[in-house]
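Residue indices begin at 1 and follow the sequence shown. Both backbone and side-chain heavy atoms feed into the values below; hydrogens, waters and symmetry mates do not. Model, not experiment: these values are computed from the prediction.
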Amino acid sequence: MKLLTLNAHAWHEENQLEKIRHLAAAIQENDYDVIALQEVNQSLGKESEEHIVEPDNYALVLLQEMEKLGVTGYTMVWGFSHLVYGKYEEGLVILTRHPVIEEHSFFVSQDTNKHSHSTRKIVGATIRFDGRPLTFYSCHTGWWHDPEEPFKYQADQLLQHIRKDVPVFLLGDFNNNAALKGEGYAYLMEHGLYDTYTLAEEKDDGITVKGKITGWSENKEDLRIDLILSTEAVRVKSSRVIFNGDHKPVVSDHFGVEVELKLVD
């Protein structure tokens with residue numbers, strides 16, 4: 001099984017259509033089973049129709065570009081989180097080429113106001129893979145030290161909501177540097193999650209953010225904040241950063257992460 005996570009930065013990026021084509025080509029090449037996208041934007045809809053999928057939804061445009069390459073059969077699960085810059089609806093997406101049994105959507109932030117950039121929602125899908133259910137969540141959480149929306153609260157909400165009856169994978173931008181002890185990443189590990197990066201038989205440096213980006217305006221470090229986590233210690237053949245300029249062109253202010261799992265003997 002192949003998984004991909006990417007904070008797309010959607011329509012905030014310059015030359016985004018070209019970047020979407022690079023992403024579509026990578027999906028054609030790698031045939032991912034599940035793709036988790038964060039910061040998926042679309043234009044504001046009518047007040048009576050808000051939050052439905054608009055024609056310029058980033059993920060919908062991506063699917064259209066994939067179709068041009070002959071890549072079909074992916075199901076899109078979209079969930080609205082909040083408004084940004086008074087211009088876009090922003091949400092999260094799961095794309096999968098396997099049957100979707102159930103869709104999931106829940107807030108992990110204390111704030112649920114659609115006008116607040118602090119509002120955080122998780123979007124997921126339970127699929128049937130090789131005859132058994134697996135659940136995948138696309139996650140975009142806040143920062144450890146945020147005084148109004150601390151990561152610990154969001155992590156606790158996430159851990160309480162995730163399904164306990166099937167294997168679960170959490171993919172996304174967790175906004176917590178995995179290199180730091182005693183903060184958000186460590187908190188998740190202490191609560192029973194496994195990092196596919198550390199489990200991987202083959203891996204690179206795992207860095208997904210270099211330099212200053214939105215939300216990390218003072219950053220001077222290389223960060224590993226985009227993660228693929230699991231509730232079980234699965235076998236991971238490889239974990240690689242993608243769309244970093246070395247392995248595929250850059251398509252966002254975040255690099256992506258792809259992993260290959262060995263779930264079936």
### Task
Keeping to residues at least two apart or across chains, list the side chain to side chain donor-acceptor pair (under 3.5 Å) pairs with something in residues 162-172.
E102-R163, T126-R163, R163-D165
### Within residues 166-184 or reaching into it, pairs that qualify as salt bridge (Lys or Arg N to Asp or Glu O under 4.0 Å) - sequence neighbours excluded
none
### Message
Within the 3.5 Å criterion, strictly below it, is a donor on Q42 or N57 matched to an acceptor on the partner's side chain?
### Response
yes
### Query
Between F243 and K248, is there a cation-pi geometry (under 6.0 Å to ring centre, at most 45° from the normal)?
no
### Message
Any non-hydrogen side-chain atom of D246 less than 4.5 Å from a side-chain atom of V241?
### Response
no
### Message
Could you work out, with salt bridge (charged side-chain N to carboxylate O under 4.0 Å, His left out) as the rule, every residue matching E103, not counting sequence neighbours?
### Response
none
### For R224, salt bridge (charged side-chain N to carboxylate O under 4.0 Å, His left out) partners two or more places apart
D195
### Message
Looking at Y197, I'd like to know if the NZ or CZ of K203 sits under 6.0 Å from its six-membered ring centre while staying within 45 degrees of the ring's axis.
### Response
yes
### Query
When the ring planes of H98 and F129 are compared, do they come out parallel, tilted or perpendicular, using 30° and 60° as the limits?
perpendicular
### Message
With no hydrogens and no angle check, just 3.5 Å: does a side-chain donor-acceptor pair link S43 and D56?
### Response
yes
### Query
Can you list every salt bridge (Lys or Arg N to Asp or Glu O under 4.0 Å) pair that touches residues 60-85, not counting sequence neighbours?
R21-E65, E65-K68
### Query
Aromatic ring centroids of F106 and Y137 under 6.0 Å?
yes
## Note on the structure
Hits for side-chain contact (heavy atoms from CB on, under 4.5 Å) against P167, two or more places apart or cross-chain, chain-then-number order -> R132, L134, E232
